[in-house]
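Remember, it's 1-based here, ligands and their atoms both numbered in the order they're listed.
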Amino acid sequence: MVSPDLRLRYQLMTETDTLSDAVDPAREYIWELPNPPRELEPLTRYHAGGLHPVHLADMYNGARYRIVNKLGFGSSSHVWLGEDTTAKQRPTRPLALKFIEAKASERTLEIEIHKYLSAAAGEAGSKHILPFLDTFRVEGPNGVHNVIVSDGALAFIPALCKYKILEDLDETEIVRQIFEGVAFLHENGVVHRDLHCGNIGIEIPFFRTAGIRKLTYGDPPIIFPSTLCEAVEHPPSVPKYIVQSSPALVDRYQYKDAPGGPLVVKLVDFGCAFRPGTDSVFPTGSPRRTLAAPECLVSEIHLPPSVPEKVWTFKSDIWTLGCTLVELYSRLGHSLFDGAGSSSLGAEMAKLVGPIPDMYHCLLDDNATLHHSDTHNAQSDADTEEDDIPANWKTLETSLVAARTPRHPPSAEDELKRVDRDTKDVQRFLPLIKQMLRWNAEDRIQASEALESSFLVEK
Ligand SMILES: Nc1ncnc2c1ncn2[C@@H]1O[C@H](COP(=O)(O)OP(=O)(O)OP(=O)(O)O)[C@@H](O)[C@H]1O
């Protein structure tokens, strides 16, 4: 039997998992990670059908790729920094090896879509798609996993915000390149479905020229041994230790004046992507609810669900991207519809987008939006008069400016200048977002049209 205090420690470790998920009473062993930081995936993800237990210095694909560090993890994979031991190029190019969970490997179109997009390389916008370099399969204790090898010389929006690097970069240019990438995807018939900030990478040319060893990926890698608390043999399904994610970072000043060329946006993660009218299967990955377009949320609520291919469209990508761009522009300081507080998602949307159409009224329901909200309040929120809407956009403008302006500017004069500049930027930015967030999907702007918007043209 597992003792209660061990159960408790295990529960803390797994954070989002419930105790019943975390502890399998049929198992004789339990694992402990002392003071686990948030950057660790829970050990419960290592089971049949789950993640492959990867260790540092492991060799893969006939000893071609060596594991050097961990870059991150997502809902269906973990991504490792690796090097190609057969490459002659020096310094060694940083590679990202994405190990997909065994179960997810069976149903994703990710590799197929990567290959399909690679065939269109050279077309306008194609340079904003993460280059696909290789793929192989690994058979391990938890099943068979697809592994995707791609460029690892990227920094992602969350890390750039966390280390206050984004504010030194040209954000308008980043937005333009995102639209170029999305326009390329849509012109090639691909709906991404999961365009959140964590899937927007920025290629830092300096990363490649500096070589894998010079980047502060967490040097040396930080590991947390998975201690055996109840003596049994170490099961092969669980790694001997968990490596903390160490996204590539260099000194912030090296971004701005980085040698090696301009920064290039790369869209990553085609785990939820599909091609309407072409793909006969639909990937069951779950994009974030708070970024999903109303028609997609509604289709989840109606049981049996309406045909998913019909609601996840180029235009649902545009809604998601609108929400994501607001997060990016606020440097992750403001989420549009975060589902927090007393309003339902539907009510939060109505405050900005306008009175909620009848077909979306179910989004006001507590269960439908996973809220503990007061339905009455939600209803009255949703009945927002059209006249109130400009006021709500004004409130958003104020929040965005506040999120962008640093709390401790060097001087009061600097602060005034900064607020003035940020206000002008936000006032130019929000009309574009308004065109992306429309109840009727057909009324939303296309990615190619957004490239002609005054925000991007009159830079
Ligand atoms: N090419 C890369 N270079 C560096 N880091 C990467 C790369 N690809 C992914 N990562 C890191 O790994 C994380 C997870 O990758 P990815 O989003 O592809 O996985 P996922 O399981 O499909 O995630 P989710 O579906 O939750 O978005 C990313 O957020 C990023 O931090």
> Should K266 and D151 count as side-chain neighbours, where that means a heavy-atom distance under 4.5 Å?
Replying inline: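 With C-beta onward as the side chain, the pair stays apart.
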Numbering the atoms of ligand 1 from 1, which are under 4.0 Å from a heavy atom of [X]?
X: S150; result: 1 (N)
X: D194; result: 25 (O), 27 (O)
X: A96; result: 1 (N), 2 (C), 3 (N)
X: K98; result: 16 (P), 18 (O), 19 (O), 20 (P), 22 (O)
X: S77; result: 19 (O), 20 (P), 21 (O)
X: G72; result: 12 (O)
X: L71; result: 3 (N), 4 (C), 5 (N)
X: D151; result: 1 (N), 2 (C), 3 (N)

>> The test is salt bridge (charged side-chain N to carboxylate O under 4.0 Å, His left out); show your working for E173 and R176 and say whether it passes.
In response: CA-CA 5 Å; E173 183 54 27; R176 173 207 307 289; 3.1 Å; yes
> Would you say H196 touches ligand 1, if touching means a heavy atom closer than 4.0 Å?
Replying inline: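 Yes; H196 lies near enough to ligand 1 that a heavy-atom distance drops under 4.0 Å.
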> Are any of the heavy atoms in G271 under 4.0 Å away from ligand 1?
Replying inline: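 No; G271 lies far enough from ligand 1 that no heavy-atom distance drops under 4.0 Å.
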> Where do P141 and P236 come nearest, in terms of heavy atoms and distance?
Replying inline: CG-O, 3.2 Å
Ring center gap for [X] and [Y] short of 6.0 angstrom:
X: H114; Y: F132; answer: yes
X: Y360; Y: W439; answer: yes
X: F99; Y: H145; answer: no
X: Y60; Y: Y65; answer: no

>> Any nitrogen or oxygen of D269 lying under 3.5 Å from a nitrogen or oxygen in ligand 1? Just yes or no.
In response: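 Yes, D269 has an N/O under 3.5 Å of an N/O on ligand 1.
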> Under 3.5 Å between some N or O of ligand 1 and some N or O of R288?
Replying inline: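 Between R288 and ligand 1, no N or O pair is found under 3.5 Å apart.
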> Charged N to carboxylate O under 4.0 angstrom, K315 versus E295?
Replying inline: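 Here K315 does not pair with E295 in a salt bridge, since their nearest N and O are not under 4.0 Å apart.
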>> To the closest 0.5 Å, what do you measure between CG (D84) and CZ (R64)?
In response: 4.0 Å
> For atom 5 (N) of ligand 1, which candidate among F73, F156, F270 provides the closest heavy atom?
Replying inline: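 Closest candidate by heavy-atom distance is F156.
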> When you measure from atom 17 (O) of ligand 1 to each heavy atom in L130, V268, N199, which option holds the nearest one?
Replying inline: N199
